[in-house]
Amino acid sequence: MKQPDLTVTSKSLIEVDGFKFKDLNGNGILDAYEDWRLTSEERAKDLVSQMTTDEKVGMMLINQMNMGKAKKEGDNTQVLDEEFEKADGSPMKRRDKYPSTETMERLKLRHFILRDNMPSEDIAEWVNKVNEVAEATRLGIPALIASNSRNENSDVTIEGDKTEGSFSLYPGTLGIAAAVQGELSADADYTLVEEFAETVRKEWLAAGIRKGYMYMADIVTDPRWQRSYGTFGENPDLVGEIISRLIPGIQGEKLSEDSIAMTIKHFPGGGPRENGFDPHYLAGKWNVYRTPGSLEDYHLPPFTKAVEKNPSSIMPYYSAPSIEKSHWQAIEGEIVPFEEVGMAFNAYMLQTLLRDKLGFKGYVNSDSGVTDNTAWGMEEASVPVRFAKVVNAGTDIIGATNDVGNLKAAVVKNFIAPQRIDQANVRLLKEMFDLGLFDDKTYVDVEAAKAVRLEQAGREKAYEAHLKSVTLLKNEAGLPVGKDKVYVEAFHKNLEKAEKITRNAREVAKELGISLVDDYKEAETAILFLQPESGDYFNATPGLLELEICEDKTNIAMNGDTYKETTLSNYKRFEKIADEMRAAGKTVVASVNITLPWILGNVEPKVDILIAGYDTFLKAQLEVLIGNYQPKGKLPLTLPKNTAVIAVDEHGVCVSRNDVPGYDKDKYFREGMTYAYEDTSGNVYKFGYGLTK
């Protein structure tokens, strides 16, 4: 048995049987939870037996914690953020945020979500400071830092391959799916996914972020769902295969000190949105299963594949299953007893389905704020009762809250059995022990974190994935395009951002030897980057899919309110450039950034060449266009034909099924009606489509 390299900052080391151990509770003797020779289960149970109610309650909450150096205002020289922040009611600030030290010492939280983007060495320094505070507390329980995914590009105004950010940036998850499909169609395998996973694991481990809220196993079945961009698309088989490789690649075959613990989300699938409305808001409260068998056939398979790989935790979605708006569903021939409460409150979903039927062995981590603003089905209950409901249903840790008072009230009032609180704590602590946080992985090597940040190997693999993600949709003019007299411009709903993207695209084009002109009237080729946006998922309205200016259109929300939105400002300029250049016999190329399944009827007929990216680097797209790389990507989503195929009637029912992927929606249309977009060349933009020349 090998002695771990143990470091302490405020506690002492003790020696027993010739080995050294941390005396985390300072009693001078070796307790079972301090003994690294024992199993994680044994250690966790011993520690729970020594914990007070307050310590157990604090362990069951995870909240955002900011880095002092990430402050935009005030003193940003301190490592820890010791400022108090008042709640503002927004989705991420539902409750007051206390200073970091007070959060650990008084509230006794030990799980924290990091959202700040800073260099890896700064993150490592911050992780160490957080754990110094944690070590000095009564039992010396360390902190576990979690984060949403960080290794996908999300800002096309910055060419990620030119930055020195902390993490290698692949295309968005839809782009990874597009690239993988291209590899598979060329008789390759899932090596790209495995390389991606290893890059994530290495970079996160160096920075000290040990728990990932990733990845989404959700299947996109309503195209207006704003979170489509974070998925791997609409095909359960593809998504399941990707997820089943990411878990062992990032987490390992079993949890260890070299693992990043993964939280697969959002069980049992967030895709069947009611007409695209997101469940951060009341309008998106329901999962709607109109189609018999859709839960078992489309939404559960990726989670089944995930559970087989033993993810450390699973995150249920906010939404609740609607009885009135759904058809009955069966799992393995047994009817699902829908209870109209959010999935984190839903005992059938978490206990019977997830644990008993699928065999899940880890812990359940709720999505953010389910006991506050998004307590669907429990809106009328008191907050302590909400906590009792969510914990008794099988949720072990509640996300994005520090509400120790109301969880403790539920315990003190005997709404939750002591055994259930202990069970949740054992599950949570076992993960910490498995990750080595109590032993030699409490603190991070800051210089090593910097060295990993400066490595190029991960970035090179990431850039190759960007190239592979580019999807050729239309090729009437024939690639490659000429490099002389090229005009480049970008379009976005925000004009300032459009200008930034244009500048960036022109800079990259020059690096690739493309000769640019400043006026499209002088150009032989125009390359127009369309970067549409449709709000975000913290927006009460569903995604708008038409690629045009929509300021003169009024849309109706489910609550009867009207709203206006645009996906692209200055669309008329795009139209003018395209029409004039084609009339003059010149070539028009458009690139559309696919974050939602956009309707392309206002774009595709006006261009000679059309490609799709997925937060793909502009350089990679240009390399494909000028012939430096052959296009390989395949669509991970079916693109809708027009607004008629997603129209909603006066009863709130969509003409196409909210719970069925795009490639299968035709099965449920009236005769003669089809869902997928067909371009002027006769190509159908369905899942898996993509030209290679």
Side-chain angles (χ1 to χ4, degrees), residues 62 64-67 70 110-131 142-154 160 163-170 172-173 176 192-216 230 242-243 245-265 309-313 315 362 365 431-432 434-437 440-462 465:
I62 180 168
Q64 180 172 329
M65 182 179 278
N66 300 332
M67 296 173 61
R110 286 297 183 274
H111 292 84
F112 302 107
I113 306 167
L114 177 65
R115 303 189 190 276
D116 296 324
N117 291 312
M118 298 289 288
S120 295
E121 57 268 32
D122 288 343
I123 295 174
E125 179 189 25
W126 174 79
V127 168
N128 289 345
K129 186 64 69 173
V130 169
N131 271 309
L144 175 57
I145 307 302
S147 172
N148 287 314
S149 61
R150 290 172 174 260
N151 288 82
E152 303 88 56
N153 190 39
S154 61
T163 71
E164 292 187 356
S166 295
F167 302 94
S168 301
L169 294 178
Y170 277 68
T173 49
I176 292 172
L192 186 151
V193 175
E194 292 159 0
E195 290 174 343
F196 171 66
E198 175 57 22
T199 297
V200 172
R201 188 197 65 80
K202 181 178 181 180
E203 294 180 353
W204 284 47
L205 188 64
I209 306 173
R210 302 300 304 279
K211 172 182 165 73
Y213 279 157
M214 57 197 188
Y215 280 88
M216 291 174 66
I242 291 174
I243 292 291
R245 286 163 172 80
L246 287 175
I247 294 171
I250 297 173
Q251 185 177 281
E253 296 298 331
K254 64 178 183 178
L255 217 56
S256 74
E257 63 178 20
D258 293 322
S259 298
I260 307 300
M262 290 186 70
T263 302
I264 302 300
K265 54 188 186 180
K309 299 299 182 180
N310 298 310
S312 191
S313 59
M315 179 181 289
N365 189 140
E431 177 184 68
M432 286 186 169
D434 285 335
L435 293 173
L437 293 178
D440 56 346
K441 294 295 183 179
T442 312
Y443 299 102
V444 187
D445 186 329
V446 175
E447 289 304 313
K450 182 177 181 179
V452 169
R453 175 174 71 82
L454 295 176
E455 285 182 9
Q456 293 300 312
R459 288 178 174 80
E460 291 168 1
K461 294 292 185 183

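The only member of I250, T263, I242 that meets side-chain contact (heavy atoms from CB on, under 4.5 Å) when paired with Y215 is I250. Considering V200, N117, I209 in turn, I209 is the only one that fulfils the side-chain contact (heavy atoms from CB on, under 4.5 Å) rule with F167.
Residues I247 and N310 are not in side-chain contact: their nearest non-hydrogen atoms beyond the backbone lie 4.5 Å or more apart. Side-chain contact between L114 and M67 is present, with at least one heavy-atom pair separated by less than 4.5 Å. Looking at L144 and E431, their side chains come closer than 4.5 Å, going by heavy atoms from C-beta outward.
Expressed to the nearest 0.5 Å, how far CD1 of I264 lies from OG of S312 amounts to 10.5 Å. Interatomic distance, CD1 of I62 versus CZ of F112, reported as 8.5 Å (0.5 Å rounding). Separating the CG atom in N66 from the CD1 atom in I113 is a distance of 11.0 Å, to the nearest 0.5 Å. Note: Y213 OH to K265 NZ = 8.5 Å, rounded to the nearest 0.5 Å.
Residues forming a salt bridge (charged side-chain N to carboxylate O under 4.0 Å, His left out) with E460 (at least two apart in sequence, or on another chain): none. For K202, the salt bridge (charged side-chain N to carboxylate O under 4.0 Å, His left out) partners are E455, not counting sequence neighbours.
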Would L205 and D258 count as a side chain to side chain contact (heavy atoms under 4.5 Å, CB included) here? Give the steps.
CA-CA 7 Å; L205 188 64; D258 293 322; 4.0 Å; yes

Derivation of the salt bridge (charged side-chain N to carboxylate O under 4.0 Å, His left out) call for E198 and R201
CA-CA 5 Å; E198 175 57 22; R201 188 197 65 80; 2.9 Å; yes

Checking side chain to side chain contact (heavy atoms under 4.5 Å, CB included) for the pair F196/E152: CA distance, chi angles, key distance, verdict?
CA-CA 10 Å; F196 171 66; E152 303 88 56; 3.4 Å; yes

Quick one, E257 with D440, criterion side chain to side chain contact (heavy atoms under 4.5 Å, CB included). Give me CA distance, side-chain angles, the key distance, then yes/no.
CA-CA 8 Å; E257 63 178 20; D440 56 346; 3.1 Å; yes

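Residues in residues 203-212 take part in no salt bridge (charged side-chain N to carboxylate O under 4.0 Å, His left out) pair, two or more places apart or across chains.
Counting non-hydrogen atoms of neighbouring residues, nucleotides and ligands closer than 6.0 angstrom, the NZ atom of K129 reaches no more than 12 such neighbours.
When all heavy atoms are compared, the tightest approach of A207 to V127 is O-CG2, 3.8 Å. Annotation for Q251 and P311: closest pair NE2-CA, 3.7 Å, computed over non-hydrogen atoms. Taking both residues in full, the closest heavy atoms of R115 and N148 are given as NH1-ND2, 3.0 Å, listed atom of the first, atom of the second, then distance. Across all their heavy atoms, V444 and A124 have their closest contact at CG1-CB, 3.8 Å. Nearest heavy-atom pair across T442 and L437 is OG1-O, 2.5 Å. When all heavy atoms of A462 and L169 are compared, the closest pair comes out as CB-O, 3.3 Å.
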